[in-house]
Structure formats: C-alpha cells, structure tokens
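The structure appears right after this line, and notes come after that.
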Amino acid sequence: MKRIMPVFLIILLFCCTGCQKEKLTVSDFMFNTYVSITVYGEENAQTAREALKLGHEYEQIFSRTIPDSDLSLLNSQKYLNQANNDLYDLISTGLYYCELTDGALDISIEPLTSLWNVTAENPAVPSGPDIQSALSRVNYKNIFLSNDGSISLENDASIDLGAIAKGYIADKIRQFLVENGVSNGIINLGGNVLCIGSKPDGSDYHIAIQNPQDTQGTILTLHVDGMSVVTSGTYERYFISDDKLYHHIIDSKTGYPAESGLCSVTILSEDSVTGDCLSTACLVMGKEDALALLNSLDNVYGILIDDKMQIYYSDGASDFLEK
Ligand code: ADP
Ligand code: MG
C-alpha cells in the first residue's frame, strides 16, 4: 500500500480587524508539492505572481527528475564547468550541514532515494545487495566544489537536493518579494513556511504543526513573526510492506529509512534553508543528538515528536507556543 501525504503546516491567516489591506494568495504545484504565497494589498499581487514563476525557474535548476535540469546534468556528467551560481551555492550550503551533522544530512543520498523510490506506483523494499551497492556510492565527501565555479563528483556519486532545495527557494522568494516592496506575507512551499514580517496589523502568524497520528488534525500552534518554520516527518511520504512503514528520509549509515524514534521535527530559524537542512538531519539523528546540536546553535529552535507522541523542545523553542 502506498500513501503520499505531504507534511503541511497550517497557516491560520485570520484577517484581523483593523487590517486595512486585502489578503491575496497565489498558488501553484511545483517540486511535487503545493506552493502558495500570501501578500497583503492589491499592489503586491503582481509581485507575488512573479515570485511563483521564480519557483519554477529554481525547479529547473535543482530537480533531480527533470532530465535537463542543471542538477541532472551534473549527476550524469559528474562534472560541471562554470556551474549555475544557485546550484553551486546550494550544494555549498548543503555540504556545510552534511559536515555539521556528521552525514545525518547527506546530499549524495541520490542512489538510495532512487532505489527506494517510495513515491513510485508500486514501491517495494529493495534487496540487501542493491542497498549495499547504492550505499557504497553515498558519501558527501565525494562532492568537490572548486573556486573556479566548477563542481565534480567522484566515485560515481550523485546528488539529491530534495531535503534542502525548498528552503533555499523559499529564502530566494522572500528576498525577491522584500526587494519589490512586500513587507508582510507568508510563503508556503509544501511544509516550508517562511514569514515576511508579521501580519499587517503587527500581530504574529499562527502556524499549526500537523498531528503525525492524525494528519487531518494539528498537535500544536506556533506564533511567529519574520521566521521560517520547516517540518520533516516520517508520515509524509511512505509505503507499508509486511506491516512495516518505509518512509522517505534515509539514514546514510544504514541505507534504510531512518529509525531514530522521531516521527516529526520542526525547526524555527531565521532562514528557511537552515530549517530545511536541520529538520531532515535531526529526524535521522534522533532526540538526544538533535537536541544537543540545536542547543549549540544560535537562533535555531526545534520541536521534536517521537513515535509515542512525546514532544521535546530545544532551548527556547517553547517560547513560540500559543500562550
Ligand atoms: P520534504 O522535502 O519531503 O518536505 P525533507 O526536507 O525532510 O522533506 O526532505 C526529504 C527528502 O530529502 C527525501 O525525499 C529525499 O529526496 C531527500 N533525503 C532523504 N534522506 C536524506 C538524507 N539523509 N540526507 C539528505 N537528503 C535526504
Ligand atoms: Mg529538509
């Protein structure tokens, strides 16, 4: 049985009394997920539509499934001379977090994500030898960035930016909106929520985290202003075989879906690429290592939910809860 259920953070956008400006939301489907941008005031509507187009442009760079994307070219040729700047930047950021998380985030995971292909029509558990063979190609240390702008992949490495691209793109969309005069709004890239300022009346956005056991319901609500909120979950994309759940976040040490005891990790941070890298990594790392890492970082907060629905907060994270 297969089920695809995008993690979603529900944005509670009540248009407040005293809020003069009309709320406008534009939306589209890209990166295999639902994307929406909300701004306030008719004068910002065109900017929001242009920002959506920007999303498509980034998809053409970072997708591993679009055959002629920049990433697909890199993966097939194992080398790009003068690589696209955004591809270079995102891989560079990714490698920083691969190192920081000791490979819990590993952007060279592609041989394993393709092998598992959990969102396929009829997914199945791969054979042990196939997993070992894919695993032997996974190691972010096989990715090399040169100062001349080229990227090379050694030892048949191949990159998957699925864990981090949406965060990068959300940040770029926010930058575009702000540069074009938008001072309040919210961007939602299928589970990556990024606020621009607060609501026009100065109040916080209310962002609800999905209940992992009842994905129609929510488990808690956060109050945020100008921040990114990103959730990774094991209940998002998965299949079940012989009563066992196989989800889409792979442990690069075992080659199997991570079994860290966590089923949901939400990261609050200034920018969304940070949250995207860390939410995926923390889900692989498990509660103790994840909390230790988050507590060592400035301006980053995490909310972890384990398989028994226990909720854990990194230092300061509970300050964002609805009072
Ligand atoms: P989503 O993008 O589905 O909201 P994540 O940000 O957690 O959720 O990213 C999950 C995706 O990242 C997977 O679908 C896969 O493409 C990729 N991935 C899976 N495991 C890892 C890993 N250990 N390190 C890096 N990328 C991973
Ligand atoms: Mg992620």
Side-chain angles (χ1 to χ4, degrees), residues 3-9 30-35 59 62-65 71 75 90-91 93-120 123 131 134-135 138-140 143 157-171 188-194 209-210 212 215 228-239 246-260 262-269 271-286 289-290 300 302 304:
R3 236 183 108 191
I4 301 177
M5 174 66 72
V7 158
F8 64 96
L9 293 159
M30 55 185 101
F31 332 110
N32 227 354
T33 195
Y34 178 76
V35 171
E59 188 177 23
F62 299 138
S63 169
R64 77 181 164 91
T65 51
L71 179 64
N75 281 341
L90 180 54
I91 291 177
T93 302
L95 289 176
Y96 171 81
Y97 284 98
C98 290
E99 197 70 50
L100 185 74
T101 64
D102 192 24
L105 180 81
D106 191 324
I107 59 171
S108 72
I109 202 85
E110 193 280 332
L112 284 166
T113 44
S114 290
L115 179 67
W116 279 93
N117 200 5
V118 299
T119 55
I131 290 176
L135 198 51
V138 174
N139 185 342
Y140 66 90
I143 304 170
S158 187
I159 296 179
D160 176 354
L161 297 172
I164 65 176
K166 289 201 298 266
Y168 182 89
I169 296 165
D171 289 332
N188 186 1
L189 268 72
N192 286 49
V193 173
L194 183 57
I209 298 178
Q210 208 169 4
T215 49
S228 157
V229 183
V230 178
T231 298
S232 286
T234 59
Y235 52 92
E236 180 181 4
R237 295 173 202 268
Y238 65 86
F239 67 93
Y246 296 93
H247 62 83
H248 74 316
I249 298 177
I250 312 289
D251 186 335
S252 66
K253 302 215 162 48
T254 64
Y256 284 79
E259 292 192 67
S260 67
L262 296 177
C263 64
S264 164
V265 174
T266 297
I267 303 289
L268 294 108
S269 52
D271 54 46
S272 196
V273 72
T274 302
D276 211 0
C277 292
L278 290 174
S279 64
T280 308
C282 288
L283 200 102
V284 175
M285 292 166 79
D289 288 352
V300 173
L304 284 45

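Numbering of ligands and ligand atoms starts at 1, following listing order.
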Shortest heavy-atom approach to [atom] - which of [options]:
atom                    : options          : result
atom 13 (C) of ligand 1 : K253, H248, H247 : H248
atom 21 (C) of ligand 1 : V284, I250, L112 : I250
atom 26 (N) of ligand 1 : A163, S279, C98  : A163

> When rounded to the nearest 0.5 angstrom, what distance separates CG in L135 from OG in S252?
Replying inline: 7.5 Å
> Out of curiosity, Y96 OH to T274 OG1, how far, rounded to the nearest 0.5 Å?
Replying inline: 9.0 Å
>> Going by the rule side-chain hydrogen bond (donor to acceptor under 3.5 Å, both in side chains), which residues pair with S114 if we only count those two or more places apart in sequence or in a different chain?
In response: R64, E110
> How would you list, by chain and number, every residue that makes a side-chain hydrogen bond (donor to acceptor under 3.5 Å, both in side chains) with S108, sequence neighbours excluded?
Replying inline: D106
Looking only at distances, please establish whether an N/O atom of ligand 1 is found under 3.5 Å from an N/O atom of [X].
X    : answer
D251 : no
D276 : yes
G190 : no

> Can you check whether I159's main-chain N or O pairs, donor with acceptor, with N75's side chain at less than 3.5 Å?
Replying inline: yes
>> Could you check whether any side-chain N or O of W116 sits under 3.5 Å from a backbone N or O of G255, counting only pairs where one atom can act as donor and the other as acceptor?
In response: yes
Which atoms of ligand 1 are found less than 4.0 Å from any heavy atom of [X]?
X    : answer
L105 : 24 (N), 25 (C)
K166 : 1 (P), 2 (O), 4 (O)
S232 : 5 (P), 6 (O), 7 (O)
A104 : 22 (C), 23 (N), 24 (N)
D160 : 15 (C), 16 (O), 17 (C)
R237 : 3 (O)

> Per the side-chain contact (heavy atoms from CB on, under 4.5 Å) rule, which among T93, V273, N192 passes with D171?
Replying inline: V273
> Within less than 2.8 Å of the Mg ion (ligand 2), how many protein N/O/S atoms are there?
Replying inline: 4
> Would you say I131 and Y256 make side-chain contact, with heavy atoms under 4.5 Å?
Replying inline: yes
>> Taking the side chain as everything from C-beta on, heavy atoms only, tell me whether I169 gets closer than 4.5 Å to F31.
In response: yes
>> Applying side chain to side chain contact (heavy atoms under 4.5 Å, CB included), can you list everything that pairs with S228, at least two apart in sequence or on another chain?
In response: L194, V230, S269, S272
>> Can you tell me how the ring of F239 sits relative to the ring of Y246, calling it parallel under 30°, perpendicular over 60° and tilted otherwise?
In response: parallel
> Which pair of non-hydrogen atoms, one from S232 and one from S279, has the smallest distance, and what is that distance?
Replying inline: OG-OG, 2.9 Å
